[in-house]
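What follows is a short report on a single structure.
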Number of protein chains: 2
Amino acid sequence: MVDAVQGLRERKKLAAWRTIRSTALRLIGERGFDAVSVEDIAREAGVSRTTFFSYFPSKEAVLFDLDPVEVQRWQEMLDQVPDDVPLWTAMTDVALALAASLADRLPLQKRLTAQSPDVCSAAQGTCDTFYPDLHEWLTRRSPDADRVHAALVLNTAVAAVATAIEAWDVDDPFEDFLQILRDCLRWAGAGLAHPVG
Amino acid sequence: MVDAVQGLRERKKLAAWRTIRSTALRLIGERGFDAVSVEDIAREAGVSRTTFFSYFPSKEAVLFDLDPVEVQRWQEMLDQVPDDVPLWTAMTDVALALAASLADRLPLQKRLTAQSPDVCSAAQGTCDTFYPDLHEWLTRRSPDADRVHAALVLNTAVAAVATAIEAWDVDDPFEDFLQILRDCLRWAGAGLAHPVG
DNA sequence: GTAAAAACTTGCACTGCGTCCAGTTTTCGG
DNA sequence: CCGAAAACTGGACGCAGTGCAAGTTTTTAC
């Protein structure tokens with residue numbers, strides 16, 4: 001499923017990625033996003049500022065980017081969805097799976113986006129990681145005539161996820177979040193189940 | 001309707017706002033977003049860099065912020081929507097009115113968001129101007145139990161607008177854009193017409 | 001095992017955004 | 001006309017993000 005052990009270089013890279021990420025989450029969790037500089041994170045993680053930016057394209061990305069292994073597992077999931085599943089159903093499944101993988105970071109992310117508007121707008125960019133892939137995936141699975149429909153399916157799903165994140169109380173169990181998300185997807189998707197409305 | 005002539009101070013402020021805005025749109029339209037600095041815009045508009053930031057909170061904002069007069073007209077429109085209009089219907093009307101006021105800038109915005117990803121993520125922030133107001137407006141108009149529903153209505157409408165902007169061809173007449181938007185709103189809203197799905 | 005090649009890290013310098021502040025000019029109310 | 005309030009200015013600062021020429025480590029080929 002996941003490549004066991006590649007070369008030393010690959011393993012070191014992944015380790016570095018995770019060290020930087022966890023260091024950043026810890027520091028930012030302690031002091032807040034604006035009170036921690038990239039310099040701070042790099043120093044604490046034992047790398048140079050330059051190296052930080054070779055792993056993450058921006059300071060915000062360290063909060064929202066996915067672990068490479070997660071990305072890979074997630075790509076494989078996309079490939080395994082049968083072609084005959086209706087677009088909205090497929091999208092729903094993917095959204096729920098994706099949401100489930102956010103379990104550990106979601107509380108911190110909610111807290112931070114509430115604090116600083118800088119992070120808040122970047123939070124929408126969370127989707128930036130998936131958006132192009134998903135867009136391509138959906139477009140490939142739908143006839144040319146329904147390209148608008150495919151885009152609408154994606155954006156509506158994003159809206160449902162955003163709403164669920166917004167509505168979920170951090171103190172409630174994570175399962176509640178998934179339930180809210182299921183409801184949102186069902187409500188928002190009622191009109192999208194069939195390609196031509 | 002709109003205050004005719006307030007003090008000289010107010011008029012000068014509005015004039016300065018519009019000068020900065022139009023200068024920025026011209027320069028950015030000519031050279032591209034990244035090739036124009038705030039310094040350039042300020043110099044060309046005849047103000048200092050500091051003053052630029054007293055009118056616009058960021059470089060991106062100069063592309064997406066609404067003319068103060070438009071904002072005011074738009075607030076009045078919100079107040080005039082009767083309370084007995086269903087939530088989704090009201091939202092649809094507002095979205096369409098809002099979209100109509102984008103007529104002149106949309107082509108430039110589409111061109112720029114396609115060029116640079118910096119602008120693209122900022123484009124989502126367009127809604128930042130309206131989002132809090134609309135959120136408050138919708139929440140006020142719906143019972144506490146339906147707060148999730150209200151948020152979903154808003155986010156879904158945003159999704160519809162985003163999709164329509166994405167799907168519209170800049171070379172087609174603006175009316176086509178509104179038609180696509182109407183379709184998107186209808187499809188996406190099919191499940192939202194009734195508070196409890 | 002060793003040497004060349006490729007990939008990664010590092011420090012440094014640079015541009016540009018956004019903020020702060022102290023001093024000046026402009027507008028408003030009386 | 002005058003004092004207060006608001007707006008503009010220049011300069012300095014911190015930090016994000018990029019480019020580059022080193023130096024170091026891993027891989028590859030022999």
Side-chain angles (χ1 to χ4, degrees), chain A residues 3 5-21 23-24 27-28 31-65 68 112 115-123 125 128, chain B residues 3 5-21 23-24 27-28 31-65 68 112 115-123 125 128:
Chain A
D3 308 355
V5 182
Q6 305 123 331
L8 172 59
R9 185 173 282 166
E10 296 294 325
R11 270 181 291 136
K12 271 191 149 182
K13 251 182 103 71
L14 184 57
W17 190 97
R18 287 180 172 155
T19 302
I20 297 173
R21 145 85 106 212
T23 304
L27 290 183
I28 292 177
R31 307 182 207 165
F33 187 78
D34 293 331
V36 177
S37 70
V38 171
E39 184 101 34
D40 295 335
I41 299 171
R43 190 176 337 103
E44 195 89 0
V47 297
S48 73
R49 215 180 67 96
T50 312
T51 299
F52 175 94
F53 283 111
S54 87
Y55 281 91
F56 298 94
S58 71
K59 185 182 172 186
E60 286 80 11
V62 85
L63 277 179
F64 298 111
D65 274 11
L112 291 175
Q115 274 180 4
S116 126
D118 307 354
V119 189
C120 191
S121 63
D128 290 5
Chain B
D3 308 356
V5 183
Q6 304 121 334
L8 173 58
R9 187 173 276 167
E10 297 294 326
R11 270 181 291 135
K12 272 193 146 181
K13 249 184 106 68
L14 185 56
W17 190 98
R18 286 178 173 157
T19 303
I20 297 174
R21 145 86 107 212
T23 305
L27 290 183
I28 293 177
R31 308 182 205 165
F33 188 77
D34 293 331
V36 178
S37 70
V38 171
E39 184 99 36
D40 295 336
I41 300 170
R43 188 175 339 101
E44 195 89 358
V47 297
S48 73
R49 214 180 66 95
T50 312
T51 299
F52 175 94
F53 282 112
S54 87
Y55 281 93
F56 299 94
S58 71
K59 185 183 172 185
E60 287 81 11
V62 83
L63 277 179
F64 298 110
D65 274 11
L112 292 175
Q115 274 179 5
S116 127
D118 306 355
V119 189
C120 191
S121 61
D128 290 5

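To find a chain, count down the sequence lines: A is the first, B the second, and so on, and within it residues start at 1.
Among all heavy-atom pairs drawn from A:Lys59 and A:Asp34, the shortest one is NZ-CA, 4.3 Å. Shortest non-hydrogen contact noted between B:Thr23 and B:Ala45 is OG1-CB, 3.8 Å.
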Candidate pair B:Phe33 and B:Leu63, rule side chain to side chain contact (heavy atoms under 4.5 Å, CB included), full reasoning: CA-CA 10 Å; B:Phe33 188 77; B:Leu63 277 179; 3.7 Å; yes
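Using five terminal pairs a side, the axes of the helix from C:dG1-D:dC30 to C:dG30-D:dC1 at its two ends make an angle of 30°, given in steps of 10 degrees.
Residues satisfying the ring-ring contact (aromatic ring centres under 6.0 Å, His included) criterion with A:Phe56, sequence neighbours excluded, are A:Trp17, A:Phe52. A:Glu44 pairs by the salt bridge (Lys or Arg N to Asp or Glu O under 4.0 Å) definition with A:Arg26, not counting sequence neighbours. In this view, B:Glu39 and B:Ser37, B:Arg43, B:Arg49 satisfy the side-chain contact (heavy atoms from CB on, under 4.5 Å) rule, not counting sequence neighbours. Partners of B:Ser54 according to the side chain to side chain donor-acceptor pair (under 3.5 Å) rule, which considers only residues two or more places apart in sequence or in another chain, do not exist here. In this view, A:Arg18 and A:Asp67 satisfy the side chain to side chain donor-acceptor pair (under 3.5 Å) rule, not counting sequence neighbours. B:Arg31 pairs by the side-chain contact (heavy atoms from CB on, under 4.5 Å) definition with B:Leu27, B:Ala35, B:Val36, B:Asp40, not counting sequence neighbours. Remark: A:Ser48 engages A:Thr51 in a side chain to side chain donor-acceptor pair (under 3.5 Å) (not counting sequence neighbours).
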Nucleotide-resolved protein contact map, nucleotides 12-17 of chain D, B/S/- at heavy-atom distance under 4.0 Å: B---BB
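The outermost nucleotides of DNA chain C lying under 4.0 Å from heavy atoms of chain B, listed 5' to 3', are C:dC17 to C:dC28.
Using a 4.5 Å cut-off on side-chain heavy atoms (C-beta onward), A:Tyr55 and A:Asp65 make no contact.
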So which protein nitrogen or oxygen atoms get under 3.5 Å of nucleotides 21-24 of chain D's nitrogens or oxygens?
none

Check nucleotides 26-30 of chain D against the protein and report each pair of N or O atoms closer than 3.5 Å, with its distance, or say if there are none.
{"residue": "D:dT26", "atom": "OP1", "partner": "A:Lys12", "partner atom": "NZ", "Å": "2.4"}
{"residue": "D:dT26", "atom": "O2", "partner": "A:Arg9", "partner atom": "NH2", "Å": "3.1"}
{"residue": "D:dT27", "atom": "OP1", "partner": "A:Leu8", "partner atom": "N", "Å": "2.7"}
{"residue": "D:dT27", "atom": "OP1", "partner": "A:Arg9", "partner atom": "N", "Å": "2.9"}

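Atoms CZ and CD1, on B:Arg21 and B:Ile41 in that order, are 11.5 Å from each other to the nearest 0.5 Å.
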